[in-house]
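Presented below is the structure to which this report refers.
Hydrogens, waters and symmetry mates are skipped; everything else that's a heavy atom, side chains included, is used. Labels below follow one simple rule: chain letters A, B, ... track the order of the sequence lines, proteins then strands, and each chain is numbered from 1.
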Amino acid sequence: MKKIMHILFLSCYKATLLIEKKLQLKLSLSEKIRLILHKSMCDACTRYEKQSKLINKVLANSALKKDQTPDLTDLKKEIINKLQDLN
Amino acid sequence: MNTQQINLSEWVETYAKDLYSWAFHKVSDSELAKDLVQDTFLAATQKIATFKGDSSPKTWLMSILNYKIIDYYRKKANKPVRLDMQSFAEYFDEEGDWKTEKRPKDWHQDESQLLDDSDFRMILEKCLDALPDKWNVCIKSKYLMNKDGNEICQDLEITATNLWQIIHRAKLQLRDCVELNWFKN
């Protein structure tokens with residue numbers, strides 16, 4: 001019985017894989033329907049999707065917020081010295 | 001001192017900042033970004049004869065830098081990863097159902113609150129660094145560099161199916177790590 005359920009409505013392993021796929025690409029119609037049905041019966045996977053989306057958003061935000069240029073004076077000096085050594 | 005060298009030292013002064021910003025945007029690691037900028041200028045001295053002035057110095061330097069960035073990711077992801085059901089056995093039983101202790105719990109918190117929470121972001125970054133190299137590269141290039149799936153696959157020479165599995169597996173671990181550390185406090 002469980003096997004048939006999994007074929008029709010996905011296992012949690014497959015459902016979470018489709019959730020990740022959905023966050024990047026489009027799902028086929030049959031994948032979409034099976035995922036919706038699975039989530040309607042599975043709290044854990046519903047939470048997984050919500051949390052996975054949140055993680056994506058935080059990652060995207062933190063990439064922006066950290067983007068501050070530090071003082072590059074030392075780096076410039078170091079590079080210029082090395083360039084002069086080469087010649 | 002020849003003219004080429006004078007040019008390059010001037011270029012360091014003029015373009016180092018832009019090159020650094022771009023490198024940092026791509027690798028999100030300050031020290032690594034500095035190394036890449038340095039490598040770019042060192043490579044530029046050797047190739048200076050090929051610079052014809054058709055493009056601006058900045059464009060020319062950027063193309064060298066981009067090559068260095070891709071090369072870095074390629075080297076890092078060089079070792080093939082094997083992912084089979086065994087790799088997922090930590091999270092799912094043989095039937096593919098969540099293992100009881102790994103089932104996502106309710107985080108009982110507003111999404112908007114977590115988005116701006118610096119502690120939450122710190123935990124997430126720690127968890128990201130704890131991932132194995134190739135997973136880390138995939139996640140970083142996907143979410144920090146805003147690349148689309150195909151581009152990452154080309155850069156890293158991995159197949160699309162493998163990429164999904166890596167992202168899936170990495171996300172499971174990332175989510176679990178965040179949950180464990182967030183609720184410890």
Side-chain angles (χ1 to χ4, degrees), chain A residues 1-3 5-7 9-25 38 42-87, chain B residues 1-2 4-5 8-9 12-13 16-17 20-21 24-25 28 30 34 37-38 40-42 44-46 85 88 91-93 95-98 102-107 111 114-117 120-121 124-125 128 139-140 142-146 148-149 163-165 167-168 171-172 174-175 178-179:
Chain A
M1 183 59 193
K2 208 172 185 182
K3 276 226 164 97
M5 290 283 284
H6 279 171
I7 290 165
F9 306 122
L10 308 164
S11 64
C12 294
Y13 163 74
K14 280 269 169 59
T16 50
L17 179 64
L18 286 187
I19 287 167
E20 291 304 331
K21 193 177 166 193
K22 185 181 136 189
L23 295 179
Q24 329 285 338
L25 294 171
H38 180 93
C42 178
D43 289 345
C45 288
T46 308
R47 284 200 281 268
Y48 178 90
E49 179 170 23
K50 217 174 134 194
Q51 293 164 1
S52 183
K53 273 185 192 166
L54 174 73
I55 288 173
N56 286 2
K57 276 191 202 165
V58 177
L59 284 177
N61 272 357
S62 72
L64 291 175
K65 282 181 185 156
K66 277 199 304 184
D67 195 5
Q68 292 158 345
T69 313
D71 186 11
L72 296 178
T73 321
D74 289 345
L75 177 70
K76 285 178 187 170
K77 266 188 210 151
E78 200 186 326
I79 296 174
I80 292 173
N81 284 341
K82 281 198 178 161
L83 291 180
Q84 279 163 354
D85 288 347
L86 282 175
N87 278 276
Chain B
M1 218 189 240
N2 59 34
Q4 284 172 353
Q5 195 195 332
L8 265 173
S9 299
V12 174
E13 289 294 343
K17 186 169 173 284
Y20 171 85
S21 298
F24 182 82
H25 173 66
S28 29
S30 176
K34 286 181 184 170
V37 172
Q38 185 166 122
T40 301
F41 282 109
L42 294 180
T45 29
Q46 279 156 11
M85 266 317 269
F88 292 92
Y91 299 92
F92 302 103
D93 62 21
E95 307 263 11
D97 288 331
W98 288 103
K102 294 290 181 186
R103 282 173 74 87
K105 295 189 184 72
D106 193 338
W107 287 0
E111 184 175 288
L114 289 175
L115 266 176
D116 290 323
D117 194 307
F120 185 77
R121 191 163 55 231
L124 180 59
E125 277 165 18
L128 191 62
I139 295 280
K140 274 195 178 168
K142 176 71 197 92
Y143 297 105
L144 302 187
M145 291 155 68
N146 287 323
D148 72 44
L163 178 72
W164 291 124
Q165 285 185 318
I167 287 187
H168 183 208
K171 265 308 206 28
L172 283 164
L174 202 52
R175 198 213 63 83
V178 168
E179 185 169 286

Does [X] reach the side chain of [Y], with side-chain heavy atoms less than 4.5 Å apart?
X      : Y      : answer
B:E179 : A:Q51  : yes
A:L23  : B:I167 : no
A:T16  : B:K171 : no

Could you state the interatomic distance from [atom1] ([X]) to [atom2] ([Y]), rounded to the nearest 0.5 Å?
X      : Y     : atom1 : atom2 : answer
B:F41  : A:L75 : CZ    : CG    : 8.5 Å
A:D85  : B:T45 : CG    : OG1   : 11.0 Å
A:I80  : B:L8  : CD1   : CG    : 10.0 Å
A:K76  : B:E13 : NZ    : CD    : 5.0 Å
B:L124 : A:I55 : CG    : CD1   : 6.0 Å

Taking the six-membered ring for Trp, are A:Y13 and B:H168 parallel (under 30°), tilted (30 to 60°) or perpendicular (over 60°)?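 Ring orientation, 0 to 90° scale: tilted.
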Taking atom NZ of A:K50 as the centre, report whether more than 12 heavy atoms of other residues, nucleotides or ligands fall under 6.0 Å from it.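 Open.
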Could you tell me whether B:R103 atom CZ has more than 12 heavy atoms of other residues or ligands within 6.0 Å of it?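 No.
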Candidate pair A:V58 and B:L114, rule side-chain contact (heavy atoms from CB on, under 4.5 Å), full reasoning: CA-CA 8 Å; A:V58 177; B:L114 289 175; 5.7 Å; no
Residue part contacting chain B, namely of A:L17, when any heavy atom lies under 4.5 Å: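 Backbone plus side chain of A:L17, per the 4.5 Å heavy-atom cut-off to chain B.
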For A:K57, is there an ion pair with B:E111 - N to carboxylate O distance below 4.0 angstrom? yes
Write down the atom of [X], the atom of [Y], and the distance for their closest heavy-atom approach.
X     : Y      : value
A:A44 : B:P104 : O-CG, 3.4 Å
A:L72 : B:K34  : CD2-CE, 4.2 Å
B:F92 : A:C12  : CE2-C, 3.7 Å

Quick check for you: among B:V178, B:L174, B:L172, which has the greatest number of heavy-atom pairs under 4.5 Å with chain A?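 Heavy-atom pairs under 4.5 Å are most numerous for B:L172.
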side-chain contact (heavy atoms from CB on, under 4.5 Å) between B:F120 and A:L54: does it pass, once the steps are laid out? CA-CA 11 Å; B:F120 185 77; A:L54 174 73; 4.0 Å; yes
Salt bridge (Lys or Arg N to Asp or Glu O under 4.0 Å) partners of A:K77, counting only residues at least two apart: none
